[in-house]
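Worksheet for the structure shown next.
Residue numbers start at 1 and run along the sequence shown. Excluded from the calculations below are hydrogen atoms, water molecules and symmetry mates; all remaining heavy atoms, backbone and side chain alike, are included. Everything quoted here is computed from the prediction, not taken from an experiment. One-based numbering, in listed order, for ligands and for the atoms of each.
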Amino acid sequence: MTKTTIIEIDKKNIDIDRLKAGAEILRSGGTVAFPTETVYGLGANALDENAVKKIFEAKGRPSDNPLILHIAKYDDIWDIVLEVSEKAEKLINEFWPGPLTLIFKKTSIVPKIVTGGLDTVAVRMPAHPIAKGLIELSGVPVAAPSANLSGKPSPTKENHVKDDLMGRVDAIIWGGDAVQGLESTVLDLTSDTPMILRPGGVTKEEIEKVVGKVDIDPALQGFKDSKLIPKSPGMKYTHYSPKADVILLKGNLDDMIKGIKRIKKDKESEGYKVGIIATDETKDKYEGDKVISVGSRKQLETVASNLFKVLREFDETDIDIILAETFQEIGIGQAIMNRLMKAAGYNVVKV
Ligand code: TXA
Ligand code: MG
């Protein structure tokens with residue numbers, strides 16, 4: 001057991017001394033969980049192999065799953081990447097700081113443990129004031145995966161981090177909700193046509209406006225038992241998975257609602273406890289006490305922001321099966337559906 005210090009910081013009125021205390025832990029080889037605009041991250045000095053090892057241990061993360069390096073200012077990129085292409089520069093100008101992670105060829109000072117043995121490195125500059133300040137004060141690139149136990153949904157609230165990592169990390173910065181709720185977009189720039197390895201807050205449409213054609217890793221179009229292996233090691237693991245089985249219903253809205261009602265009835269008659277992931281517009285159509293709205297169909301940002309919280313909420317119930325509505329894969333809908341599909345292990349019923 002590690003003694004975990006909770007450091008409370010208000011993002012609207014940052015106490016520099018507290019932030020410095022967090023940065024000092026990072027500099028001396030410790031682990032600190034901190035809020036970003038996407039999800040909470042678990043940070044360590046990326047150039048210190050021992051420190052990075054602590055991240056893998058705390059999360060129970062497979063060692064072949066590489067970490068994202070977080071930097072606070074553009075010039076810090078030159079220590080860790082070999083070259084920045086013209087396309088990369090355009091994307092950085094447009095989207096940094098923010099939820100876009102870019103993959104580059106790495107320099108030799110980036111330890112292999114960070115990149116899972118790959119010769120590429122993922123880099124992101126977060127926009128969250130606490131994350132930015134912490135990284136800047138630490139003076140090192142900060143390796144930070146999402147601050148959850150491996151396999152669990154990424155944490156979007158302080159309490160999620162505490163539930164997963166209390167006693168396993170040196171400090172947790174108590175800094176309010178992570179607003180966007182889904183992890184950053186991961187974009188590979190090492191091939192001619194940039195390829196999205198993980199959809200996220202910055203959408204394909206937005207990236208294409210800046211650099212033209214963008215591919216999506218075909219392995220992500222996934223279906224059950226697909227033989228395609230995702231290019232991003234992290235995307236091959238079961239992930240985001242709640243304890244209950246998740247079944248997605250795909251079709252037009254009325255058919256989804258009917259389908260959910262039908263399957264709920266069938267499964268309940270077999271003795272299962274069934275919960276429903278609904279939306280503000282549909283939640284009143286269902287019966288039962290485990291109907292949770294994940295947000296509004298008219299504002300998919302609310303769905304992105306709530307999804308992981310809702311999946312975690314179901315873990316606190318005795319529900320066996322979660323029936324979930326789905327969303328159009330446009331804009332942020334692409335990232336939402338990617339996470340839902342993974343939570344469901346690609347278990348989809350077309351209606
Ligand atoms: O929003 C985010 O990206 C959050 C916050 C904390 O910044 N971080 C995050 O990290 O989601 P993590 O470790 O949970 O996810 C990183 C993803 C994994 O799927 C990993 O396999 C992939 O990025 N990745 C990292 N380095 C890579 C590389 N060199 N090549 C391909 N994929 C890489
Ligand atoms: Mg993660």
Side-chain angles (χ1 to χ4, degrees), residues 31-44 46 52 55-56 58-72 80-82 95-107 110-128 130-132 134-135 141-156 160-161 164-165 173 175 178-191 194-202 217 219-220 229-241 304 308 335 338-339 342:
T31 48
V32 180
F34 59 93
T36 83
E37 72 278 20
T38 58
V39 299
Y40 267 75
L42 174 60
V52 173
I55 291 180
F56 283 91
K59 283 182 56 98
R61 182 175 175 107
S63 63
D64 70 343
N65 191 3
L67 307 177
I68 297 172
L69 266 53
H70 296 67
I71 58 175
I80 53 181
V81 319
L82 285 181
F95 297 112
W96 282 11
L100 178 65
T101 295
L102 300 173
I103 312 259
F104 301 93
K105 292 255 161 59
K106 79 174 193 72
T107 60
V110 179
K112 286 263 169 176
I113 183 176
V114 169
T115 64
L118 300 173
D119 57 7
T120 55
V121 63
V123 186
R124 154 164 136 81
M125 189 194 288
H128 194 291
I130 294 178
K132 266 186 92 175
L134 179 75
I135 298 161
V142 174
S146 47
N148 50 285
L149 288 173
S150 232
K152 288 248 228 158
S154 294
T156 54
H160 300 162
V161 182
D164 281 14
L165 296 181
I173 294 183
V179 194
Q180 298 183 5
L182 296 182
E183 307 88 342
S184 63
T185 306
V186 177
L187 186 71
D188 186 357
L189 292 170
T190 62
S191 51
M195 184 183 279
I196 292 178
L197 306 187
R198 178 178 72 181
V202 176
D217 183 353
L220 301 187
I229 297 169
K231 278 190 73 180
S232 172
M235 298 305 285
K236 72 174 185 266
Y237 295 105
T238 338
H239 218 129
Y240 316 114
S241 48
F308 288 150
N338 169 266
R339 307 309 191 273
K342 285 180 70 70

Would you please name every residue forming a side-chain hydrogen bond (donor to acceptor under 3.5 Å, both in side chains) with T101, sequence neighbours left out?
S184
Is there a polar contact between ligand 1 and H70, counting only N or O atoms under 3.5 Å apart?
yes
E37/R124 ion pair, N-O < 4.0 Å:
yes
In Å and rounded to the nearest 0.5 Å, what is the CH2 to CD1 distance from W96 to I71?
4.5 Å
If we number the atoms of ligand 1 from 1 as shown, the ones under 4.0 Å from a heavy atom of E183 are 1 (O), 2 (C), 11 (O)
Contact partition for R61 relative to ligand 1, non-hydrogen atoms under 4.0 Å:
side chain
Do I173 and P35 make a side-chain contact, defined as non-hydrogen atoms from C-beta onward lying under 4.5 Å apart?
yes
Partners meeting side-chain hydrogen bond (donor to acceptor under 3.5 Å, both in side chains) with K106 (sequence neighbours left out):
none
Numbered atoms of ligand 1 (with element) below 4.0 Å of G41, judged on heavy atoms:
6 (C)
Here's a test for you: under side-chain contact (heavy atoms from CB on, under 4.5 Å), which of I80, D119, V123 qualifies with V110?
I80
Counting from 1 in the order shown, the ligand 1 atoms closer than 4.0 Å to a non-hydrogen atom of T38 are 1 (O), 2 (C), 4 (C), 5 (C)
Is there an N/O/S atom in S150 at a distance below 2.8 Å from the Mg ion (ligand 2)?
no
Which is closest to atom 31 (C) of ligand 1 by heavy-atom distance: I103, V186, T115?
I103
If hydrogens are left out, which of T101, T120, D64 has an atom nearest to atom 29 (N) of ligand 1, that is, the closest non-hydrogen atom?
T120
For L197, the atoms of ligand 1 under 4.0 Å from one of its heavy atoms are 31 (C)
Distance filter under 4.0 Å to L118 heavy atoms, resulting ligand 1 atoms
28 (C), 29 (N), 30 (N)
Looking only at heavy atoms of A144, does any of them come nearer than 4.0 Å to an atom of ligand 1?
yes
If we number the atoms of ligand 1 from 1 as shown, the ones under 4.0 Å from a heavy atom of S146 are 8 (N), 9 (C), 10 (O), 12 (P), 14 (O)
Close N or O approach (N65, ligand 1; < 3.5 Å):
yes
